[in-house]
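Heads up: the structure comes next, in structure tokens.
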There are 2 protein chains.
Amino acid sequence: MKVTINDVAKHAGVSMKTVSRVINKEPSVRKKTYDLVMQAVTELNYQPNTAARNLAGTSSFAIGLVYDNPNAYYVIDMQNGVLSRCKDEGYELVIHPCCAQDPEMHKEIATMIQRSRLAGLVLTPPLSEQQDIIDMLDELGIAYVRLLSGQDKTPEKSTEVPASPKSNNCIYVDDYAAAYEITVHLINLGHKTIAFACGDAEHKSTTERLAGYQSALKDHNLTVDDNLIYEGNYSFESGVEGAKALLKNNNASNITAILGGNDEIAAGALFAARLMNIAIPEQLSISGFEDSPFSRQTWPKLTTAHQANSVISEHAARLLFSKTRGSRKQDKDIITTFTPSIVIRESTGPAPN
Amino acid sequence: MKVTINDVAKHAGVSMKTVSRVINKEPSVRKKTYDLVMQAVTELNYQPNTAARNLAGTSSFAIGLVYDNPNAYYVIDMQNGVLSRCKDEGYELVIHPCCAQDPEMHKEIATMIQRSRLAGLVLTPPLSEQQDIIDMLDELGIAYVRLLSGQDKTPEKSTEVPASPKSNNCIYVDDYAAAYEITVHLINLGHKTIAFACGDAEHKSTTERLAGYQSALKDHNLTVDDNLIYEGNYSFESGVEGAKALLKNNNASNITAILGGNDEIAAGALFAARLMNIAIPEQLSISGFEDSPFSRQTWPKLTTAHQANSVISEHAARLLFSKTRGSRKQDKDIITTFTPSIVIRESTGPAPN
DNA sequence: AGTTAAAATGACAACGCTGTCAAACTGCAT
DNA sequence: ATGCAGTTTGACAGCGTTGTCATTTTAACT
């Protein structure tokens with residue numbers, strides 16, 4: 001039942017080491033030998049033992065994914081993207097949900113890395129923004145990739161290998177540009193008083209999205225009014241509260257559109273609008289952000305910015321693998337900056353009269 | 001930087017094996033020795049090497065979770081429940097999303113098990129219902145726990161250790177009882193023509209929920225009409241289509257309530273009702289199933305049956321661990337049958353006139 | 001104190017693979 | 001043929017634990 005590398009070696013008439021080379025796709029193996037070994041592998045249905053490989057090798061065949069995000073859709077997409085790459089590379093994925101608030105977080109992550117001797121780590125926001133974690137990873141000398149909100153500001157993409165190993169390990173999502181675009185969409189619909197319901201203030205994405213919204217207003221000669229900005233968090237409840245607060249005495253401000261920091265907030269705003277008997281989009285336009293599945297399951301369906309999370313995380317994994325031992329071929333197809341694209345659905349419409 | 005068991009042994013003045021015993025919480029270690037070792041462990045910040053333990057031991061310190069479910073909330077809850085137990089036991093979790101349709105599925109799972117030498121497997125529906133997978137697991141002789149829809153029919157819970165290792169490895173969710181209860185709730189509200197929008201026909205949960213619904217009707221002398229049953233799947237879209245089909249010529253049948261096979265279907269029905277200008281719950285009551293977060297994010301909020309997925313999966317993990325090597329204490333607190341409890345919210349109300 | 005069983009500890013060889021480094025082969029120019 | 005550099009292969013020693021089994025210590029009795 002249990003087939004070892006030794007069995008394969010005997011069967012193919014070569015040494016264990018040669019089989020090992022084939023398994024690991026090392027370059028210096030003659031085609032003939034390669035085929036011979038592969039045939040034996042197939043015939044015996046050999047399965048390399050992960051534990052043994054991890055123990056004997058310099059690093060293990062596992063990477064980690066750490067996250068602290070209440071949004072199940074987001075997390076699943078992230079997992080699946082990374083997982084698909086892991087499958088191709090023959091790696092395992094160790095998932096690690098955690099609590100960004102915990103000041104001991106970086107220690108917990110360090111423990112996990114050491115126990116599993118992870119080959120690398122993918123960090124999602126907001127963990128990817130925490131300096132103490134980054135410092136810890138640098139100290140440990142482990143490869144990692146950060147998912148960040150912002151733009152790739154690499155001075156000039158040099159053809160040289162980057163001097164510092166720390167650089168070139170970020171994947172950016174340009175929330176600024178996407179928020180700008182959505183805001184322009186609303187402005188083009190004739191909206192002049194557009195509110196913004198923020199997500200968690202600590203998240204970089206919040207500031208980026210807010211900045212995009214503000215820039216769009218400025219560029220179109222609309223006043224940026226702090227009273228139109230609600231500071232909440234990325235939850236449905238926060239969306240409900242935000243909309244309620246914003247719309248309470250709406251005679252004065254006359255808000256005709258709300259840009260939600262994410263889909264949950266927008267769905268919450270939708271909910272609040274309904275409570276207040278406000279017709280969407282006739283009386284009020286609401287836009288989400290992220291395009292999570294339920295932005296299609298609200299009534300009406302949400303206009304939002306599509307963020308291809310599973311693609312993003314897949315590229316994060318690619319970038320990570322390009323930094324780990326194999327590192328065979330330079331993966332030139334890695335996209336490092338993603339800009340969510342606007343998806344117009346039914347929750348936004350022309351400004352009333 | 002790297003601390004081995006040998007270092008700890010020297011530091012504590014005992015043998016490696018004794019340290020190993022302490023790490024693994026084996027019984028025959030004197031308290032004094034135990035403390036001595038633990039102190040050394042703490043002082044040196046020793047982290048057991050998972051790979052080495054996996055290799056040397058009889059089975060690895062990892063269990064698997066396989067699923068094929070499009071519902072992100074469900075999957076995340078399952079993961080978190082199992083993960084919390086893994087953390088306590090010092091195990092790793094290998095997640096494995098897969099496609100139940102694939103006829104080669106069981107081979108893929110077998111490969112994963114062998115590569116990672118998994119100590120056990122938690123199977124969620126519908127994978128847990130597939131005979132080919134079960135057969136494969138039995139053949140491999142690996143411990144596994146199945147999450148199933150139904151009731152625990154163990155003849156009489158004997159105090160003896162079960163004869164066959166195959167028995168006592170299921171966790172049941174009593175969908176029948178929950179569907180019955182929800183249906184009674186609707187009946188008590190005066191509804192006489194209650195429709196049911198099914199999930200995937202192949203899923204056991206679908207038949208169980210349907211049966212519960214039908215029994216409730218019968219027990220209350222209401223006719224069970226197949227025309228009131230829509231065969232869909234567990235998606236939002238299916239809910240939309242189902243409700244549309246059901247309500248199309250509603251003058252004839254006069255449906256006043258729809259029981260959705262899950263929350264997504266119910267949300268879809270809600271959506272369809274809105275399209276058709278039907279007031280919820282004034283003209284039509286709609287109920288969901290599962291109590292996923294977005295049953296609280298619809299308008300109006302969904303009446304549903306609360307299914308504590310993370311608790312359920314945690315117990316599944318417990319049951320699994322009670323079957324793996326450690327198996328130290330008999331975990332007597334494992335619940336093997338869960339009955340979702342009804343949560344009444346705003347989407348159901350008295351039958352019109 | 002002396003005996004004996006039980007409990008606690010230790011010595012050492014696996015576990016299945018990869019890194020290191022040396023050996024054997026290859027092709028090519030002499 | 002001969003030598004040489006480059007390529008391909010192999011021998012063997014770990015990697016850091018745990019299982020086995022032998023040995024020592026303890027406790028519980030005469």
Original post:
Do the side-chain N or O atoms of A/N24 get closer than 4.0 angstrom to the phosphate oxygens (OP1, OP2) of C/dT18?
Top reply: yes
Original post:
Has B/R30 got a side-chain N or O lying under 4.0 Å from the OP1 or OP2 atom of C/dA8?
Top reply: no
Subject >> Closest to side chain of B/S28, choosing from D/dG19, C/dT9, D/dT18 >> reply: C/dT9
Original post:
In whole Å, what is the span from the CG atom of B/N54 to the P atom of C/dA14?
Top reply: 21 Å
Subject >> Distance-only donor-acceptor test (3.5 Å): side chain B/R117, base C/dG16 >> reply: no
Original post:
Short question: side chain of B/S128, backbone of B/L148 - any donor-acceptor pair under 3.5 Å?
Top reply: no
Original post:
Just how far, in rounded Å, is P of D/dG14 from CD1 of A/I5?
Top reply: 19 Å
Original post:
OP1 or OP2 of C/dT9 sitting under 4.0 Å from any side-chain N/O of B/Y34?
Top reply: no
**OP:** For the pair B/K87 and B/E92, find out whether any cationic side-chain nitrogen is under 4.0 Å from an anionic carboxylate oxygen.
**Re:** no
**OP:** Please state how far atom CG in A/N49 lies from atom C1' in D/dT18, giving the value in whole angstrom units.
**Re:** 14 Å
Subject >> B/T33 side chain near C/dT9 phosphate (N/O to OP1/OP2, under 4.0 Å) >> reply: yes
Subject >> Test: A/D7 and A/K10 ion pair at under 4.0 Å >> reply: no
Subject >> Rounded interatomic separation in angstrom, taking NZ from B/K10 and P from C/dG10 >> reply: 14 Å
Original post:
CD of A/E26 versus C1' of D/dG10: gap in Å, rounded?
Top reply: 13 Å
Subject >> Of the listed nucleotides C/dG16, C/dG10, D/dG16, the one nearest the side chain of A/A52 >> reply: C/dG16
Subject >> Distance below 4.0 Å between B/S15 side-chain N/O and C/dA11 OP1 or OP2 >> reply: no
Original post:
If you take all heavy atoms of B/V66 and B/L127, which pair is closest and at what distance?
Top reply: C-CD2, 4.0 Å
Original post:
Given atom CG of A/L44 and atom C1' of C/dG16, what is their separation to the nearest angstrom?
Top reply: 15 Å
Subject >> Rounded distance in Å - CG (B/L55) to C1' (D/dT17) >> reply: 8 Å
Original post:
Between atom CZ in B/R21 and atom P in D/dT17, what is the gap in whole Å?
Top reply: 16 Å
**OP:** Select one nucleotide: of C/dG10, C/dT20, C/dC17, the one nearest the side-chain heavy atoms of A/R53.
**Re:** C/dC17
**OP:** Spell out, as yes or no, whether a donor-acceptor pair under 3.5 Å connects the side chain of A/S310 to the backbone of A/N80.
**Re:** no
**OP:** Name the residue closer to the 5' end of DNA chain C, choosing between B/T18 and A/M16 according to the nucleotide with the nearest heavy atom.
**Re:** B/T18
Original post:
Which comes earlier along DNA chain C counting from the 5' end, the contact point of B/V14 or that of A/T4, where each point is its nearest nucleotide?
Top reply: B/V14
Subject >> Presence of B/S20 side-chain N/O under 4.0 Å of D/dT18 phosphate oxygens OP1/OP2 >> reply: yes
Subject >> Smallest separation among heavy atoms of A/I5 and A/Y46, with atom names >> reply: N-CE1, 3.6 Å
**OP:** Answer with base, sugar-phosphate or nothing: what part of the nucleic acid does A/K32 contact at a heavy-atom distance below 4.0 Å?
**Re:** nothing
**OP:** Check whether any side-chain nitrogen or oxygen of B/K31 sits under 4.0 Å from OP1 or OP2 of C/dA8, and answer yes or no.
**Re:** no
Original post:
Hey, is the side chain of B/K2 poking within less than 4.0 Å of OP1 or OP2 on D/dG16, counting only N and O atoms?
Top reply: yes
